[in-house]
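The first residue of the sequence shown is numbered 1, and numbering continues consecutively from there.
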Amino acid sequence: MKRIHLSIGTFLVLLMAGTVAVQAQGSKLTSAAKYLGDGDYDKALEALDAASRHEKTMDNPRTYLQFGKLYMALAMDTTGKWESLVNDPLLEARKSFQKVRKYDEKEREGIRVVPETDQLSRLLYNGGLTAYRAGAYQDAFKHFQGAYQAYSLMAAYDAVEGKDTSTYYFAAICADLAGNKDTAEAMYKTLVNMDFDEPGVYTNYGKLLVAQERYKDAEALFTDARQKYPENQDLLIEELNYYLGQGRAPEAIDKFKQAIKLDPDNPELYFAMGTAYQALIKLDSANAQQHMASAREAYGKTIELNPEYMGAYNNRAGILMAAGEYAAALDDYNVA
């Protein structure tokens, strides 16, 4: 085997070349910080891209701390000069700060990343609200989810306690509204398992299950929800609507009676119970007269509590017409 003999001078030249290469990559981080401070965001991004590709700095948490700071600066820039430089810089900042945590084995950068992440979480949350109000539910989902992840990153550094479950819930709602049903279901299920104290989780989760015709799952969920929130009207009404939709009106009526005991002055509940009795007229023809009388009574109570409840007049008029009480039916139709 032929040996290669290097002179001391040649060896030193090669060693210095390797050292210069490492230093050059380290200087990319220094240059990026300077460009960032000077507002030269394109040059900062170019320097950081180079550092992230080099084996000596690609796993350096400082690289991604600088990336995060750059993306934050781009997100807060109001000049419009850098809009096309990075798509959705807030979400990119979140990814970068997560990489800081990934590569920061000794947590030396944690004290630096936490303040940045705190601000990021707030900006992402506000971005989620803005997108939600605009009806851009997919964008709202991404931003609320990002805000939750940013908060979780702070928790990993023991900078905050607990979990930002409210933001996670908002993300689940937006995933649902955006049509990401699998994602929404997984998030609702997580919230239930976390014992998140919000009845709306069960309401929304139940609607999703019913829409998918997963009736046994929906009934089990409604049962659990009723035990946890026995006096919540929205949950009870959602459950009642489910039973009506299944053609199980008698069960629905029993539940309406329970709801009315809890809220005796709610015209919506009486109207819903009238609807249930009206459904029973066809479902249980042997007792049609009794169900008809009960429906009229329920609609009458609805009107007593809210004289402007037009749906109650219309429904009662239909029952009166079927009973041959045309004059009374006409009176209701005239009001409606």
Side-chain angles (χ1 to χ4, degrees), residues 1-77 79 81-124 142-143 145-160:
M1 177 175 161
K2 185 177 180 180
R3 295 179 179 274
I4 299 175
H5 296 279
L6 298 176
S7 67
I8 293 177
T10 303
F11 178 75
L12 290 175
V13 168
L14 292 173
L15 180 63
M16 290 178 65
T19 303
V20 168
V22 174
Q23 290 177 342
Q25 292 308 314
S27 69
K28 292 291 185 182
L29 295 180
T30 303
S31 298
K34 183 179 184 304
Y35 290 139
L36 181 57
D38 293 340
D40 294 327
Y41 299 145
D42 53 347
K43 294 180 180 178
L45 183 60
E46 183 180 351
L48 288 171
D49 280 339
S52 69
R53 291 192 297 269
H54 195 275
E55 62 180 6
K56 297 297 183 180
T57 47
M58 64 192 306
D59 295 341
N60 189 334
R62 289 183 55 222
T63 300
Y64 302 101
L65 179 61
Q66 291 296 325
F67 262 123
K69 288 183 176 181
L70 170 61
Y71 293 136
M72 291 283 286
L74 290 172
M76 293 185 288
D77 180 73
T79 66
K81 180 180 179 180
W82 309 105
E83 286 183 352
S84 61
L85 190 60
V86 174
N87 184 35
D88 214 331
L90 285 177
L91 295 178
E92 293 300 324
R94 191 265 303 165
K95 295 177 185 177
S96 296
F97 289 141
Q98 284 185 317
K99 287 183 178 180
V100 174
R101 173 71 180 176
K102 176 181 178 181
Y103 297 121
D104 188 19
E105 295 180 358
K106 297 182 179 180
E107 298 191 0
R108 292 175 178 173
E109 303 297 332
I111 194 171
R112 300 181 183 180
V113 77
V114 165
E116 299 282 354
T117 309
D118 182 34
Q119 184 180 25
L120 172 64
S121 180
R122 299 173 191 275
L123 289 172
L124 282 167
K142 289 181 180 179
H143 283 78
Q145 183 185 50
Y148 173 78
Q149 292 169 335
Y151 187 93
S152 298
L153 181 57
M154 289 190 289
Y157 281 111
D158 295 324
V160 292

For this session: For Leu124 and Ala147, work out which heavy atoms get closest and say how close.
Result: CD1-N, 3.6 Å
For this session: Looking only at non-hydrogen atoms, find the nearest pair between Ala73 and Leu36 and report the distance.
Result: CB-CD1, 4.0 Å
Problem set entry | Tyr71 side chain reached by Leu45 side chain, heavy atoms, under 4.5 Å | yes
Problem set entry | Validation row: Asn60, Leu65 side chains within 4.5 angstrom (heavy atoms) | no
Exercise. Is there a donor-acceptor pair under 3.5 Å between the side chain of Ser121 and the backbone N or O of Asp118?
Worked result: no
Exercise. Once you round to the nearest 0.5 Å, how far does CG of Asp77 lie from CG of Leu85?
Worked result: 10.0 Å
Exercise. Which value, rounded to the nearest 0.5 Å, describes the distance between Phe67 atom CZ and Leu48 atom CG?
Worked result: 4.5 Å
Seminar exercise, completed: Here the side chain to side chain donor-acceptor pair (under 3.5 Å) pairs for residues 33-43, sequence neighbours left out, are Lys34-Asp38
Problem set entry | Heavy-atom pair of closest approach, residues Met58 and Tyr64 | O-OH, 2.6 Å
Seminar exercise, completed: Rounding to 0.5 Å, atoms CD (Glu46) and OG (Ser31) come to a distance of 10.5 Å
For this session: Could you walk me through whether Leu120 and Met72 pass side-chain contact (heavy atoms from CB on, under 4.5 Å), step by step?
Result: CA-CA 7 Å; Leu120 172 64; Met72 291 283 286; 3.7 Å; yes
For this session: Would you check, one step at a time, whether the test side-chain contact (heavy atoms from CB on, under 4.5 Å) holds for Tyr157 with Val100?
Result: CA-CA 11 Å; Tyr157 281 111; Val100 174; 4.2 Å; yes
Which atom pairs, donor and acceptor, lie under 3.5 Å between side-chain atoms of residues 148-156 and protein residues at least two apart or in another chain?
{"from": "Gln149", "atom 1": "OE1", "to": "Arg94", "atom 2": "NE", "distance (Å)": "3.0"}
{"from": "Gln149", "atom 1": "OE1", "to": "Arg94", "atom 2": "NH1", "distance (Å)": "3.3"}
{"from": "Gln149", "atom 1": "OE1", "to": "Arg94", "atom 2": "NH2", "distance (Å)": "3.4"}
{"from": "Tyr151", "atom 1": "OH", "to": "Glu161", "atom 2": "O", "distance (Å)": "3.2"}
{"from": "Ser152", "atom 1": "OG", "to": "Tyr148", "atom 2": "O", "distance (Å)": "3.0"}

Exercise. Which pair of non-hydrogen atoms, one from Gly68 and one from Ala93, has the smallest distance, and what is that distance?
Worked result: O-CB, 4.0 Å
Exercise. Could you walk me through whether Thr63 and Lys99 pass the side-chain contact (heavy atoms from CB on, under 4.5 Å) check?
Worked result: CA-CA 9 Å; Thr63 300; Lys99 287 183 178 180; over 6 Å; no
Problem set entry | Worked verdict on Met76 versus Gln119 for side-chain contact (heavy atoms from CB on, under 4.5 Å) | CA-CA 11 Å; Met76 293 185 288; Gln119 184 180 25; 3.4 Å; yes
Exercise. Should we count CD of Gln98 as having more than 12 external heavy atoms under 6.0 Å?
Worked result: yes
Exercise. Rounded to the nearest 0.5 Å, how far apart are OG of Ser96 and CD of Gln66?
Worked result: 11.0 Å
